[in-house]
Number of protein chains: 2
Amino acid sequence: MKRKITLKQIAKELDVSISTVSKALRNSIEISEDTREKVQAFAKLYNYRPNNIALSLKNRKTKTIGVIIPEIVHHFFSKVIKGIELLANTKGYNVIVGLSNESFDKEVLNMEMLANGSIDGFILSISKETLMKQDYHHFNETINQGMPIVMFDRVINDLNCDKVIVDDYEGSTKAVNFLIDKGCKSIGLITTMDYVSVGRLRTQGYISAIENQGAELNAELILKIDDSNTSEEQIDILESQIEQLFENNKNMDGVFAVNELYALIAMKVARKRGLKIPEDIQFIGFTDGVLSKHATPSLTTVSQHAQAMGEKAASLLINRLENEEDEEHFEKVIIETDLIERNSTK
Amino acid sequence: MKRKITLKQIAKELDVSISTVSKALRNSIEISEDTREKVQAFAKLYNYRPNNIALSLKNRKTKTIGVIIPEIVHHFFSKVIKGIELLANTKGYNVIVGLSNESFDKEVLNMEMLANGSIDGFILSISKETLMKQDYHHFNETINQGMPIVMFDRVINDLNCDKVIVDDYEGSTKAVNFLIDKGCKSIGLITTMDYVSVGRLRTQGYISAIENQGAELNAELILKIDDSNTSEEQIDILESQIEQLFENNKNMDGVFAVNELYALIAMKVARKRGLKIPEDIQFIGFTDGVLSKHATPSLTTVSQHAQAMGEKAASLLINRLENEEDEEHFEKVIIETDLIERNSTK
DNA sequence: ATGAAAGCGCTAACAT
DNA sequence: ATGTTAGCGCTTTCAT
């Protein structure tokens with residue numbers, strides 16, 4: 001078992017100084033052709049690679065990005081990570097992943113664990129608990145220490161950092177208008193509580209689309225789910241809540257759901273009640289998941305382009321890390337949504 | 001913007017030496033109560049945290065684990081990562097994620113990028129391309145340099161490292177026997193090419209279950225999918241191949257698929273052909289995905305306990321890192337599968 | 001009880 | 001052309 005070789009060992013073997021070796025390896029013209037070749041050959045033979053940690057200490061930068069997300073077993077987030085990793089890798093950066101698990105404490109802990117020199121900057125999406133508590137001191141402290149943050153999807157507006165969001169408002173409006181165009185007269189909304197900004201914005205998009213149509217807004221048609229605990233039995237509760245929605249609105253002929261699971265369960269309920277999809281009732285979900293494509297019928301969705309979000313977030317962060325210039329001026333990038341038509345709409 | 005404070009700065013402010021500060025912070029009895037309190041108060045005030053990189057360089061260990069997986073947008077892998085992160089975090093370790101994207105070159109690149117001091121050890125699952133080429137030099141080199149590896153799911157037997165696998169053979173046997181118990185007389189198999197070890201083992205499980213039954217093996221009932229490229233149009237090809245399977249076996253009354261997507265598409269084909277599930281034909285998938293639970297009908301599956309695999313892998317690696325003892329002796333842990341009954345079987 | 005010095009692996013300014 | 005030195009931030013052994 002041959003341990004990794006260091007400059008020091010090479011220097012000793014070849015009977016030169018450490019700095020000579022260092023320079024020779026970096027092709028410095030200060031070094032004679034002779035020793036340069038000798039050193040390089042030896043280094044190659046022993047498969048010398050500079051130690052990243054030593055470089056990080058010296059350069060005061062680690063070339064790694066810390067990513068904190070609420071949950072990894074989730075199509076949207078894993079796709080964002082894929083985008084981040086892809087772009088980071090092409091720029092020579094590594095990616096450390098921390099999971100907050102929707103918990104405030106774990107989010108803080110994870111950030112503290114990484115902010116002590118392990119990474120150059122953060123890309124993160126805020127946990128539900130943090131959003132609910134509205135306690136953002138850990139973000140501010142990190143930023144104040146000179147470590148840049150890029151937030152995506154679940155963001156806070158008045159924070160000194162770049163943001164990448166999907167146009168939730170526009171996406172919902174688009175979806176609801178689509179349902180209206182397809183002849184829906186009574187469109188239900190299945191959404192989350194307002195403290196999740198994306199839920200709030202999607203709800204607003206729904207409302208404005210309905211109102212712009214001159215139609216009156218019917219509160220009965222709006223179902224707000226409290227998903228602060230995401231346990232298993234939650235799904236049964238969810239289903240009965242959706243049952244109730246159908247029961248209260250017998251003439252409902254369209255449903256817009258803020259995620260694909262809600263939409264799928266709603267379709268299931270509709271089918272149970274003997275409704276034909278899309279003939280009797282049409283469905284659209286807001287999502288970037290796998291369920292939609294393989295559901296029966298397949299679900300029309302508003303795509304969030306999660307991977308593009310990840311790439312954009314990584315590119316913003318790396319730009320900021322490598323160009324000290326644009327301090328104090330932060331970008332808010334909006335990723336456009338696309339409506340993907342499948343078989344749950346006419 | 002106050003940058004992170006260092007021992008040096010504290011020492012200067014308090015007019016003591018760096019080593020005094022260091023000792024004071026670690027509660028050394030060498031230091032007088034007086035200065036100890038003074039230093040600790042000052043450190044707390046300025047929120048001092050030791051620099052991880054410096055510690056890593058000093059201790060020659062980074063307390064971070066490198067994870068290389070073929071794909072992250074995949075329920076199984078993201079669940080494994082969740083398990084790894086969970087356990088790693090409780091032990092004070094961070095997790096760097098690298099994606100091979102099923103490519104040999106990216107796998108090698110990623111490993112080289114991390115093996116130069118950034119991490120203490122690897123947890124990985126081998127890319128399809130690597131399995132096909134059977135080129136494992138990068139694993140051997142890493143191990144030879146004294147960096148431990150733990151492989152999971154897609155593993156190579158004769159490699160000096162710990163392994164965590166699911167009992168693919170046993171799981172398939174269990175599934176096929178279950179179908180037989182439920183009255184199936186003609187059971188189809190939808191699997192992958194043999195170079196993916198999990199596909200091969202699951203196929204063997206199917207075969208032995210059929211043969212143990214005294215039934216004769218019918219090659220017509222076995223469909224091997226070449227999924228070496230996983231593009232979009234692949235799904236249409238997949239569907240037509242499965243159509244063919246049904247066409248060739250009109251009396252098929254059970255299907256075992258080595259993943260949930262194959263099972264779902266098979267169910268779709270069956271439905272199209274007017275077959276009732278589970279009355280006319282029953283289905284089981286091998287998986288740990290979300291599709292199964294929300295499919296119609298929901299799919300009976302063999303669960304792999306992905307998160308448990310991740311936790312076990314992390315625990316094996318950390319044990320090896322922290323106890324130098326058990327060199328040369330490697331474990332192969334087998335995670336039991338569970339059959340989760342849903343509505344695609346009687 | 002405190003401090004000086006060496007060392008982890010590397011780079012770079014500054015001698016020679 | 002080569003070597004010495006200092007320093008990145010920290011711990012620890014060895015003086016004082």
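Below, chains carry the letters A, B, ... as their sequence lines are ordered, and counting in each starts from 1.
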Interatomic distance where CG belongs to L57(B) and C1' belongs to dC8(D) [whole Å]: 9 Å
Quick one: is dC10(D) close enough that its OP1 or OP2 comes under 4.0 Å of any side-chain N or O from S22(B)? no
Within the 3.5 Å criterion, strictly below it, is a donor on D135(B) or H137(B) matched to an acceptor on the partner's side chain? yes
Side chains of T35(A) and S32(A): do they bring a donor and an acceptor to under 3.5 Å? yes
Taking the nucleotide of DNA chain C with the nearest heavy atom to each, does V16(B) or A54(A) sit closer to the 5' end? V16(B)
Grab the CG-P distance between L25(B) and dC10(D) for me, whole Å please. 9 Å
At under 4.0 Å between heavy atoms, what does S32(B) touch on the DNA or RNA strands: base, sugar-phosphate, or nothing? sugar-phosphate
Can you tell me how far P of dT13(D) sits from CD1 of I31(B), to the nearest Å? 14 Å
Quick one: the side chain of K23(A) and the base of dG3(D), do they pair up donor-acceptor inside 3.5 Å? yes
Above 12 or not: heavy atoms from other molecules or residues under 6.0 Å from NZ of K4(B)? yes
Mind calculating the distance between CG (N51(A)) and C1' (dC8(D)) to the nearest angstrom? 13 Å
Side chains of N27(A) and Q40(A): donor-acceptor distance under 3.5 Å anywhere? yes
Would you classify K8(B) as touching base, sugar-phosphate or nothing, given that sugar-phosphate means primed atoms plus P, OP1 and OP2, and contacts are heavy atoms under 4.0 Å? sugar-phosphate
What nucleic acid atoms does I10(A) come within less than 4.0 Å of, heavy atoms only: base, sugar-phosphate, or nothing? nothing
For dG3(C), take OP1 and OP2 only and decide whether either is under 4.0 Å from a side-chain N or O of T20(B). yes
Please give, in whole Å, the distance from dG3(D) C1' to E30(A) CD? 11 Å
Any N/O donor-acceptor pair, S19(A) side-chain to dT5(D) base, under 3.5 Å: no
Do any side-chain nitrogens or oxygens of T35(A) fall under 4.0 Å of OP1 or OP2 in dT2(D)? yes
May I ask you to evaluate whether R60(B) reaches the phosphate of dG9(C), defined as a side-chain N or O under 4.0 Å from OP1 or OP2? yes
Using only heavy-atom distances, decide whether a donor-acceptor pair under 3.5 angstrom links the side-chain of S17(B) to the base of dA4(C). no
Between atom OH in Y48(A) and atom C1' in dG9(C), what is the gap in whole Å? 7 Å
Atom CG of L14(A) to atom C1' of dT2(D): distance rounded to whole Å? 14 Å
Side chains of K63(A) and N52(A), donor plus acceptor under 3.5 Å: no
Rounded to whole Å, the CD1-P distance (I29(A) to dA1(D)) equals 8 Å
